[in-house]
Protein chains: 2
Amino acid sequence: MGLVPSVPRLPLDEVIHGDCIAALDALPPSSVDLVFADPPYNLQLGPASLLRPDQSAVDAVDDDWDQFASFEAYDAFTRQWLQACRRVMKPNATLWVIGSYHNIFRVGSALQDLGFWILNDIVWRKANPMPNFRGKRFTNAHETLIWASRSAQKGYTFHYEALKGGNDDLQMRSDWFLPLCTGEERLKGADGRKLHPTQKPEALVARTILSASNPGDVVLDPFFGTGTTGAAAKRLGRRFIGIEREPAYVQAARERIAAVEPLSTAALLTAPTKRAEPRVPFLSLLEAGLIRAGSQLTDERRRFKALVRPDGTISAGPACGSIHKIGALVQGLPACNGWTFWHAERGGRLVPIDAFRAEIRAGLGSAA
Amino acid sequence: MGLVPSVPRLPLDEVIHGDCIAALDALPPSSVDLVFADPPYNLQLGPASLLRPDQSAVDAVDDDWDQFASFEAYDAFTRQWLQACRRVMKPNATLWVIGSYHNIFRVGSALQDLGFWILNDIVWRKANPMPNFRGKRFTNAHETLIWASRSAQKGYTFHYEALKGGNDDLQMRSDWFLPLCTGEERLKGADGRKLHPTQKPEALVARTILSASNPGDVVLDPFFGTGTTGAAAKRLGRRFIGIEREPAYVQAARERIAAVEPLSTAALLTAPTKRAEPRVPFLSLLEAGLIRAGSQLTDERRRFKALVRPDGTISAGPACGSIHKIGALVQGLPACNGWTFWHAERGGRLVPIDAFRAEIRAGLGSAA
DNA sequence: AACGCACGTGAATCATATA
DNA sequence: CTATATGATTCACGTGCGT
């Protein structure tokens, strides 16, 4: 093997300060095992700021790097960086991209067009998402990750057994329940405000790295930001390459990663689910067929009656609302636990609706 | 109004047997309130999985260029049916599409390209998904729905309050946990095997219809299959239009829907949203004698005071204006809902002036 | 020390009727 | 069409302070 001066070296465990495409083009081909990418989402926010009910302003992502002139411009950018990543990926490498409904469909289409092979789409269910303040839509409570191999060709790393073992011996599903990056973990600037507008939780990135790479593997992140991927990679005994354009983020990432203590054995598999998540909406009882829309609920002594509506609200006279609200209303009380107050008739006997909730929870125990 | 022979009639509560595009093109424009679509997923499993827009089969070939051609054909088909749906949608109609990672990125991109405005992406988390038998990927435990309005223009139906009421008084999130369509609900053929390969649970479709349409609205499903959308629509007091190419499915759908018993109208009455209630000027409270001119208003914590003037304005110091303007002014906020901010003293207790408005509205209700 | 409560905040495509 | 006035709207956590 002689000297090959035209092949650039692979910078390991370094943060490259520069443009993502140019920096990727400067890397040697077929050299990384895994890519984690958190590209701009191309949020198309209106000119007016969004106010919370208390009239305080939501700190929106209005950074220049998230502005694109059109879908065409965003698509061109997406194809460029994906193609550049593809060149530096080893043949059996895989890639993760995270996004929201604003951009993930563009990204997914581009992946397919470029010959990537989608292995899974993964849903990050946020434990504590921001509410929809104006009540105009469903709470935007998740983001989507796409996991893809370089091509349809077989052969990639997936630690099926480890994931299963860390998940009560059940296969790891495509929906992951994790909290946002807040509190201690969230990097703050000197002013005490968040340093990066979209810092991801390390547990999320860690799970992608654990599932799809081996210790010693090289993990590339072309949108490094404040270095969550680097921190997770170092902690899990992987090497990393980060590319970031913003000097302030580069410096923060370097300091952050320097402080990370690598784990001797990977024990971060089961992410902190924080709370079990046993809440069952009354609507689910209808959907499960345990209560029929149009049927009647009553209290234990049959003093009050309410009609079950198909949306999971109930009505008493002209009023309609949740089981709790209507329970309080008919009794003239400020509050009421509808689960224990309301009953349904089953074979001539009154059964508290809480019993049906228990049934759902029993069936759901393994899945949640 | 004279005869307008060029405008076709709207076939209601019927299953149209025929090609989806041709049937859509035969419908009058701006005539449906909601679309639910469960298009072919373009699973890349083998031959005959992909159809051209003219419904001829594409030979599956592994060549790169043909792979691209396959996506192109699927995209062309997707744009065609989406565009055809868009034409028959009323300006304030919305559309739901369900898909998996095989096709949803193509569909989402096409929606955006055609001018649809994405409102939410919704994750259907399957309670009982099929496991990944080979242990090569994460269990594919969800499908994705996209909810989009016809354009970015405001104004669409969303029953925020009803959904919240059916969900323990919490906003409905973008991740829905529902079981697959199995058991009794799953239609079987004479041979006892499932009649349709991808029959969706009625509860899933019902939730989309409940959240985004009103009783009496017209719900269109261009890929009707065995008529889940029709069954859900009929049960919920909506009208439906179904289009299906396969005669066996058409017949099964007709029989199935005929057997559906609609819910009572009482159970379907839409709860009035706050915004839809009649507007009551503050002056009316004075005229009704509920508030006296010259009396004082204060906030809940008695930090601010205002004087009620006989014309229905209030004043704080030198400033005077509406309850909203002065409420905003004293707090130094850009806006304020005066109805909930200001209180009046009644028997030593503070009562929000919104309570007096409710009294007036109640009186209006009985009078009307 | 333990507990409770007030306050801050997170990738957000977040209003509508009337003049 | 634009401009204006009305007035609707939040969940899960973490931190910090006061009792």
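All chains are named by letter (A, B, ...) in the order of the sequence lines, taking the proteins before the strands, and each is independently numbered beginning at 1.
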Let me know the distance between [atom1] of [X] and [atom2] of [N], rounded to the nearest Å.
X        : N      : atom1 : atom2 : answer
B:Glu161 : C:dA15 : CD    : P     : 16 Å
A:Asn140 : D:dC11 : CG    : C1'   : 14 Å
B:Phe341 : D:dA8  : CZ    : C1'   : 16 Å
B:Gln153 : C:dT16 : CD    : P     : 11 Å
B:Asp121 : C:dC14 : CG    : C1'   : 16 Å
A:Ile98  : C:dG10 : CD1   : C1'   : 14 Å
B:Leu119 : C:dC14 : CG    : P     : 9 Å
B:Asn92  : C:dA15 : CG    : C1'   : 15 Å

Set of residues satisfying side chain to side chain contact (heavy atoms under 4.5 Å, CB included) with respect to A:Leu51, sequence neighbours excluded: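 Expected list: A:Ser49, A:Gln55, A:Ala57, B:Pro334.
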Whole-angstrom distance between [N] and [M], as gauged at atom [atom1]:
N      : M      : atom1 : value
C:dG10 : D:dG7  : P     : 32 Å
D:dT10 : C:dG8  : C1'   : 13 Å
C:dC14 : D:dA12 : P     : 23 Å
D:dT19 : C:dA1  : C1'   : 12 Å

Determine, for A:Trp176 and A:Arg207, whether the Lys NZ or Arg CZ falls below 6.0 Å from the six-membered ring centre while staying within 45 degrees of the axis.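 Positive - A:Arg207 is close enough to the ring of A:Trp176 and near enough to its axis.
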Can you confirm if the aromatic rings of [Y] and [X] lie within a centre distance of less than 6.0 Å?
X        : Y        : value
B:Phe177 : B:Trp124 : no
A:Trp147 : A:Trp96  : yes
B:Phe158 : A:Phe138 : yes
A:Phe77  : A:Phe68  : yes

Quick note, salt bridge (Lys or Arg N to Asp or Glu O under 4.0 Å) partners involving residues 58-76 of chain A, not counting sequence neighbours, are A:Asp59-A:Lys194, A:Asp75-A:Arg106
Below 4.0 Å: OP1/OP2 of D:dT10 and any side-chain N or O of B:Tyr160: yes
Decide side-chain contact (heavy atoms from CB on, under 4.5 Å) for B:Ile353 and B:His343; before the verdict, give the C-alpha distance in whole Å, the side-chain angles of both, and the deciding distance to 0.1 Å. CA-CA 5 Å; B:Ile353 59 175; B:His343 294 61; 5.9 Å; no
Please determine whether a side-chain nitrogen of the Lys or Arg among [X] and [Y] lies less than 4.0 Å from a carboxylate oxygen of the Asp or Glu.
X        : Y        : result
A:Asp175 : A:Arg173 : yes
A:Asp19  : A:Arg245 : no
B:Arg301 : B:Asp299 : no
B:Asp113 : B:Arg79  : no
A:Arg235 : A:Glu202 : yes

N/O-N/O pairs, protein side and nucleotides 4-7 of chain D side, under 3.5 Å:
residue : atom : partner  : partner atom : Å
D:dG7   : OP2  : B:His324 : NE2          : 2.9
D:dG7   : OP2  : B:Trp339 : NE1          : 2.8
D:dG7   : O3'  : B:Asn337 : ND2          : 3.3

Give the nucleotide from the list C:dA12, C:dC14, D:dC11 with an atom nearest to the side chain of B:Lys164.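 Output: D:dC11.
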For DNA chain C, please output the secondary structure as dot-bracket, reading 5' to 3'. Pairs are Watson-Crick or G-U wobble, both atom distances under 3.5 Å; mark crossing pairs with [ ], other-strand partners with |, unpaired with a dot. .|||||||||....|||||
Over all strands shown, is A:Lys200 touching base, sugar-phosphate only, or nothing at heavy-atom distances under 4.0 angstrom? base
Donor/acceptor link under 3.5 angstrom from A:Arg52 side chain onto base of C:dG10: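 Result: at least one qualifying N/O pair found.
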Tell me which residues in residues 180-196 of chain A lie within less than 4.0 Å of DNA chain C, going by non-hydrogen atoms.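 Contacts with DNA chain C under 4.0 Å: A:Leu180, A:Arg186, A:Lys194.
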What residues from residues 301-310 of chain B pass a heavy-atom cutoff of under 4.0 Å to DNA chain C? none
Between B:His324 and B:Ser322, does the side-chain hydrogen bond (donor to acceptor under 3.5 Å, both in side chains) criterion hold? Intermediate values first, please. CA-CA 5 Å; B:His324 313 298; B:Ser322 71; 5.3 Å; no
Should the ring pair A:Trp339 and A:Phe282 be called parallel, tilted or perpendicular, given that the plane angle runs from 0 to 90° and is split at 30 and 60? perpendicular
